[in-house]
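Residue numbering restarts at 1 for every chain, and letters A, B, ... go by the order of the sequence lines. What's counted below: heavy atoms across the whole structure, side chains too, no hydrogens, waters or symmetry copies.
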2 protein chains.
Amino acid sequence: MTTEGEFRREDSLGYMVNLLGRLFARALDRRLGKYGVAHGQFPVLLILWEQEGITQSEIARRLDIEQPTVANTLKRMERDDLVTFAADPGNRRQVLIGLTEKGRALKTPLIAEALAVNDRAVEDFEAADRVQFIARLRRMIDALSGPAE
Amino acid sequence: MTTEGEFRREDSLGYMVNLLGRLFARALDRRLGKYGVAHGQFPVLLILWEQEGITQSEIARRLDIEQPTVANTLKRMERDDLVTFAADPGNRRQVLIGLTEKGRALKTPLIAEALAVNDRAVEDFEAADRVQFIARLRRMIDALSGPAE
DNA sequence: GCGCCTTTAATAGCAAGCTATGATAATGCC
DNA sequence: GGCATTATCATAGCTTGCTATTAAAGGCGC
């Protein structure tokens with residue numbers, strides 16, 4: 001196998017997933033930009049719309065993103081008046097993250113934008129195919145999530 | 001529809017594709033890192049293994065990446081002794097990009113690493129399902145590639 | 001209580017993506 | 001030939017990822 005240098009970009013899973021991921025990010029940036037929100041902030045908002053008062057590392061765990069990445073994103077979100085940092089009186093190590101009124105108010109419109117991007121990507125798909133596609137994505141995520149090898 | 005704030009991360013196409021893309025990038029970084037190559041350099045190498053002597057903007061066009069991004073990546077690749085920059089005598093605007101011996105020699109091992117990552121992601125898939133999955137990725141890429149809207 | 005381990009966060013520094021803008025060279029029209 | 005347009009590249013500055021390291025606080029064993 002691996003006959004010669006036959007590696008076609010357009011048939012490589014990793015290449016295609018990476019490209020599609022960038023297209024999603026671009027589309028989200030264009031749409032969320034109207035609200036002053038960048039695409040990397042959206043998953044953090046999704047978490048906080050569900051539950052406020054959690055720590056930075058809890059957000060990192062749920063999103064499978066490293067803690068310093070979350071720290072930087074939260075810093076920008078604080079600068080943009082989306083989140084608040086509150087020292088936990090019971091545990092002086094941790095800082096509890098909450099939403100500002102502005103952050104809460106964006107829930108409905110931003111979710112609508114994200115749904116629109118998702119819909120556009122699969123608008124010509126059968127409903128069953130969308131479900132199957134997501135199920136397969138999940139299997140691949142599980143396959144790559146383990147330790148290196 | 002859009003019943004209430006029911007937006008589940010784990011059912012969102014964009015979220016899942018983004019997560020899977022990061023997992024691919026992490027896996028590639030671990031594997032290519034052994035050769036001193038970072039994941040963003042790999043698509044550029046794929047292009048150059050096919051054809052040397054093309055310009056920066058041609059690479060950007062083929063990969064659907066912005067020109068300044070390619071410029072920065074190429075600068076790091078030159079620093080790492082992977083590519084060469086040669087002024088085109090026939091057109092003083094453009095700079096022709098080529099590979100060093102080191103860059104050429106990496107073709108076989110790096111492609112093997114990338115194939116291993118792709119295989120790991122879909123090792124429990126039927127061959128037909130892999131093909132179908134990639135075909136659907138391609139359809140989604142086409143759907144999102146057009147102008148904003 | 002003390003020392004060690006774990007957990008949480010901060011910081012530094014790098015890679016890879018983006019937009020916006022500017023410099024310079026080539027092209028093409030008149 | 002001269003001027004406007006286009007093409008190519010460079011640069012600045014931003015966001016979002018990453019790793020590695022450090023500091024500080026909490027928890028546990030003894």
Query raised in the report: Who are the side-chain contact (heavy atoms from CB on, under 4.5 Å) partners of Ala143(A), not counting sequence neighbours?
Result: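 Partners of Ala143(A) under the side-chain contact (heavy atoms from CB on, under 4.5 Å) test: none.
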
Query - Residues that Lys102(A) engages under side-chain contact (heavy atoms from CB on, under 4.5 Å), provided they are two or more places apart - result: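 With sequence neighbours excluded, Lys102(A) shows a side-chain contact (heavy atoms from CB on, under 4.5 Å) to Asp81(A), Leu82(A), Thr100(A), given in chain and number order.
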
Requested in this report: Answer yes or no: is there an ion pair linking Lys75(A) with Glu78(A), defined by an N-O contact shorter than 4.0 Å?
Outcome: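 Salt bridge absent between Lys75(A) and Glu78(A).
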
**Report entry** Check: Ala114(A) main-chain N/O paired with Arg31(A) side-chain donor or acceptor under 3.5 Å
**Finding:**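 Side chain of Arg31(A) to backbone of Ala114(A): no pair is present.
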
Requested in this report: Return yes if some donor-acceptor pair links the side-chain N/O of Asp88(A) with the main-chain N/O of Leu96(A) below 3.5 Å, else return no.
Outcome: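 Looks like no, no N/O pair under 3.5 Å.
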
Rounded to the Å, how far apart are [X] [atom1] and [N] [atom2]?
| X | N | atom1 | atom2 | value |
| --- | --- | --- | --- | --- |
| Leu74(A) | dA9(C) | CG | P | 10 Å |
| Phe42(B) | dA15(C) | CZ | C1' | 17 Å |
| Asp29(B) | dA16(C) | CG | C1' | 10 Å |
| Asn18(B) | dG17(C) | CG | P | 13 Å |
| Asp88(A) | dT7(C) | CG | C1' | 13 Å |
| Arg76(B) | dG13(C) | CZ | C1' | 13 Å |

Query - Boundaries of the DNA chain D segment in contact with chain A, non-hydrogen, under 4.0 Å - result: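 First and last nucleotides in contact are dT15(D) to dG26(D).
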
**Report entry** Axis-to-axis angle between the two ends of the helix from dG1(C)-dC30(D) to dC30(C)-dG1(D) (five base pairs per end, rounded to 10 degrees)
**Finding:**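 Nearest ten degrees gives 10° for this helix.
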
Once ring pair (Phe, Tyr, Trp, His ring centres under 6.0 Å) is applied, what residue pairs with a partner in [range] remain, sequence neighbours excluded?
| range | value |
| --- | --- |
| residues 88-137 of chain A | Phe133(A)-Phe133(B) |
| residues 75-119 of chain A | none |
| residues 25-58 of chain B | Phe7(A)-Phe42(B) |

Requested in this report: Residues of residues 90-100 of chain B with any non-hydrogen atom less than 4.0 angstrom from an atom of DNA chain C: list those, numerically ordered, please.
Outcome: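 By residue number: Asn91(B), Arg92(B), Arg93(B).
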
Query - Neighbours of DNA chain C within residues 60-73 of chain B, by heavy-atom distance under 4.0 Å - result: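 Per residue number, the list reads Ile65(B), Glu66(B), Pro68(B), Thr69(B).
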
Query raised in the report: So, is Arg22(A) near the phosphate of dC18(C), with a side-chain N or O under 4.0 Å from OP1 or OP2?
Result: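 It does, given that an N or O in the side chain of Arg22(A) lies less than 4.0 Å from OP1 or OP2 of dC18(C).
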
Report task. Would you mind listing every side chain to side chain donor-acceptor pair (under 3.5 Å) that reaches into residues 132-147 of chain A, with sequence neighbours excluded? Result ->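 Sorted pair list: Gln132(A)-Arg136(B), Arg136(A)-Asp129(B), Arg136(A)-Gln132(B), Arg138(A)-Asp11(B), Arg139(A)-Asp124(B).
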
Query raised in the report: Any side chain to side chain donor-acceptor pair (under 3.5 Å) pairs touching residues 60-73 of chain B, not counting sequence neighbours?
Result: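 For residues 60-73 of chain B, and leaving out neighbouring residues, the side chain to side chain donor-acceptor pair (under 3.5 Å) pairs sorted by first residue read Arg26(A)-Asp64(B), Gln51(B)-Arg62(B), Gln56(B)-Gln67(B), Glu58(B)-Arg61(B), Glu58(B)-Arg62(B), Thr73(B)-Arg76(B).
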
Query raised in the report: Looking at DNA chain D, which of residues 46-58 of chain B put a heavy atom within less than 4.0 Å of it?
Result: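 Result for residues 46-58 of chain B: Thr55(B), Gln56(B), Ser57(B), sorted by number.
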
